[in-house]
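Worksheet: the structure to be examined is printed underneath.
It should be emphasised that the depicted structure is a prediction, and the values quoted were computed from it without experimental measurement. Along the sequence shown, residues carry numbers from 1.
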Amino acid sequence: MNGTGIVSIPIPSLTLSALRKGTSALNSHHFPSTMTRAVSLEEIPPNALRRKRDSKWRGGFSLGIDFGMSRTGLALSKGFSIRPLTVLDLRGQKLELRLLEIAERQEVDEFVIGLPKSCDGKETQQSNKVRSVAGRLAVRAAQRGWRIYLQDEHGTSTEAMNLMIDRGLSKSARQERIDAYAAMMVLERYFALSGEGIELVLPKQLELQEKLRLGPCRDMDFLT
């Protein structure tokens with residue numbers, strides 16, 4: 001158990017391509033022996049893939065998250081609308097609980113978290129920190145049937161800054177909202193690629209996997 005009071009559990013991450021290959025590909029990821037059955041893409045498809053399969057599909061709300069060095073930016077996707085939401089100046093358990101509160105209020109069913117990578121596609125020290133937070137958050141989110149995905153965020157901060165300049169935001173406004181706009185660009189990329197290349201952060205507990213299969217439940221107090 002770490003300093004936030006949340007048990008930190010190793011979380012196996014699966015790419016969509018691996019999920020499509022079935023059980024043999026899943027076994028190659030060396031899951032813990034306690035995991036007797038892993039979820040498949042057909043059981044828990046991301047919203048981006050559902051939209052690709054059905055252009056008229058409007059269900060599923062997605063919360064984009066950009067974990068910055070000091071602040072966390074959020075963006076929201078409802079239907080075909082993607083917009084910057086807010087910026088949080090929180091850390092640790094307070095941040096994680098606040099994210100869950102916002103997700104409940106906005107009725108989201110999945111989190112799309114930006115994963116930092118270098119220009120050559122390699123993960124960085126910040127990537128490890130993001131994976132750690134995503135792992136803890138995934139355990140809490142799964143209790144509500146909410147999914148957690150990791151999306152490569154390389155270059156999204158630059159894209160966000162260019163977008164704000166194009167929209168005529170002042171320098172002070174850009175500094176204040178850059179993290180939220182970066183989160184929006186993470187969602188833009190996620191939907192543009194129809195979820196290709198993302199990673200599903202999967203809790204190893206079978207009961208939490210089952211809750212993911214069942215989907216969101218509206219009558220559970222997930223903060224207790």
Side-chain angles (χ1 to χ4, degrees), residues 1-11 13 61-77 82-106 108 110-141 144 146-191 197-199 201 222-223:
M1 181 174 293
N2 58 28
T4 64
I6 301 174
V7 178
S8 182
I9 300 173
I11 306 296
S13 297
F61 298 159
S62 308
L63 186 68
I65 303 177
D66 177 81
F67 289 115
M69 298 301 293
S70 59
R71 304 186 305 172
T72 298
L74 304 181
L76 183 67
S77 169
I82 302 177
R83 63 182 177 87
L85 187 60
T86 189
V87 176
L88 302 177
D89 189 10
L90 298 170
R91 278 288 180 264
Q93 186 176 11
K94 290 183 178 180
L95 172 60
E96 293 162 16
L97 293 178
R98 181 64 175 145
L99 291 173
L100 293 170
E101 290 171 359
I102 292 174
E104 183 180 42
R105 184 170 69 249
Q106 297 294 340
V108 307
E110 68 177 17
F111 298 70
V112 181
I113 300 174
L115 181 66
K117 291 187 178 182
S118 60
C119 58
D120 59 1
K122 295 180 180 179
E123 296 194 13
T124 65
Q125 185 176 0
Q126 182 65 11
S127 304
N128 295 331
K129 295 179 180 179
V130 169
R131 285 186 178 278
S132 179
V133 176
R136 294 194 304 269
L137 190 61
V139 174
R140 288 181 176 271
R144 292 286 290 182
W146 297 338
R147 308 175 301 280
I148 301 284
Y149 297 103
L150 295 174
Q151 168 69 54
D152 178 6
E153 70 168 20
H154 175 68
T156 52
S157 293
T158 300
E159 294 171 0
M161 183 61 71
N162 291 337
L163 177 61
M164 288 189 292
I165 292 174
D166 290 342
R167 291 185 174 184
L169 274 68
S170 66
K171 183 177 180 180
S172 60
R174 295 198 300 269
Q175 292 175 340
E176 180 180 345
R177 307 203 68 191
I178 178 63
D179 299 282
Y181 270 80
M184 183 176 75
M185 300 314 297
V186 169
L187 281 182
E188 291 277 8
R189 180 175 298 178
Y190 162 68
F191 282 106
I198 63 169
E199 296 180 33
V201 182
F222 64 95
L223 296 179

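Rounded to the nearest 0.5 Å, atoms CD1 (Ile178) and CG (Asp66) are 8.5 Å apart. The OG1 atom of Thr86 lies 7.5 Å from the CZ atom of Arg98; values are rounded to the nearest 0.5 Å. Atoms OG1 and CZ, on Thr72 and Arg91 in that order, are 5.0 Å from each other to the nearest 0.5 Å. Annotation: the span from Ile82 atom CD1 to Ser77 atom OG amounts to 4.5 Å, rounded to 0.5 Å. Separating the CD1 atom in Ile102 from the CG atom in Leu76 is a distance of 10.0 Å, to the nearest 0.5 Å. Going from atom OG1 of Thr156 over to atom CE of Met161 covers 11.5 Å, rounded to the nearest 0.5 Å.
For the pair Gly73 and Ala183, the tightest heavy-atom approach, listed with the atom from each and the gap, is O-CB, 3.4 Å. Contact between Ala160 and Ala182 at its shortest, heavy atoms only, is CB-N, 3.5 Å.
Residues forming a side-chain contact (heavy atoms from CB on, under 4.5 Å) with Val130 (at least two apart in sequence, or on another chain): Phe67, Ile113, Leu115, Pro116, Gln126, Leu150. Partners of Gln175 according to the side-chain contact (heavy atoms from CB on, under 4.5 Å) rule, which considers only residues two or more places apart in sequence or in another chain, are Lys171. Annotation: side chain to side chain donor-acceptor pair (under 3.5 Å) contacts of Gln106 (sequence neighbours excluded): Lys78. Among residues two or more places apart in sequence or in another chain, the side-chain contact (heavy atoms from CB on, under 4.5 Å) test is passed with Arg167 by Leu163, Leu169, Tyr181, Met184. Evaluation of the salt bridge (Lys or Arg N to Asp or Glu O under 4.0 Å) rule for Glu110 yields Arg147 as partners, not counting sequence neighbours. Applying the salt bridge (Lys or Arg N to Asp or Glu O under 4.0 Å) criterion to Arg174, with sequence neighbours excluded, gives no partner residue. Residues passing the side chain to side chain donor-acceptor pair (under 3.5 Å) test with Asn128: none are found, sequence neighbours excluded. The side chain to side chain donor-acceptor pair (under 3.5 Å) check on Ser157 picks up nothing, with sequence neighbours excluded. Under the side-chain contact (heavy atoms from CB on, under 4.5 Å) criterion, Ser170 pairs with Ser172, Ala173, sequence neighbours left out. Every residue two or more places apart in sequence or in another chain that forms a salt bridge (Lys or Arg N to Asp or Glu O under 4.0 Å) with Arg71 is listed here: Asp179. For Glu123, the salt bridge (Lys or Arg N to Asp or Glu O under 4.0 Å) partners at least two apart in sequence or on another chain are Arg131.
Under the 4.5 Å side-chain criterion, counting only non-hydrogen atoms from C-beta, Leu97 is not in contact with Lys94. Looking at Glu96 and Arg136, their side chains come closer than 4.5 Å, going by heavy atoms from C-beta outward. Side chains of Leu100 and Arg140 form a contact here, defined as non-hydrogen atoms less than 4.5 Å apart. With contacts defined as side-chain heavy-atom distances shorter than 4.5 Å, the pair Ser118/His154 does not qualify. Using a 4.5 Å heavy-atom threshold, the side chains of Val186 and Ile65 count as separate. The closest side-chain heavy-atom distance from Phe111 to Ser62 is not below 4.5 Å.
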Inset, instruction - Would you check, one step at a time, whether the test side-chain contact (heavy atoms from CB on, under 4.5 Å) holds for Leu99 with Leu88? - result: CA-CA 9 Å; Leu99 291 173; Leu88 302 177; 4.0 Å; yes
Inset, instruction - With side-chain contact (heavy atoms from CB on, under 4.5 Å) as the test, would you mind laying out the steps for Leu85 and Leu63 before giving the verdict? - result: CA-CA 9 Å; Leu85 187 60; Leu63 186 68; 4.0 Å; yes
Legend entry - Tyr190/Ile198 under side-chain contact (heavy atoms from CB on, under 4.5 Å): CA gap, chis, key distance, verdict: CA-CA 8 Å; Tyr190 162 68; Ile198 63 169; 3.9 Å; yes
Legend entry - From CA spacing to verdict: side-chain contact (heavy atoms from CB on, under 4.5 Å), Gln151, Glu199: CA-CA 7 Å; Gln151 168 69 54; Glu199 296 180 33; over 6 Å; no
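Ser127 places a side-chain N or O within donor-acceptor distance of the main-chain N or O of Thr124, the cut-off being under 3.5 Å. A distance-only check finds a donor-acceptor pair linking the side chain of Trp146 to the backbone of Val108 [under 3.5 Å].
The list of salt bridge (Lys or Arg N to Asp or Glu O under 4.0 Å) pairs with a residue in residues 151-166, not counting sequence neighbours, reads Glu159-Arg189.
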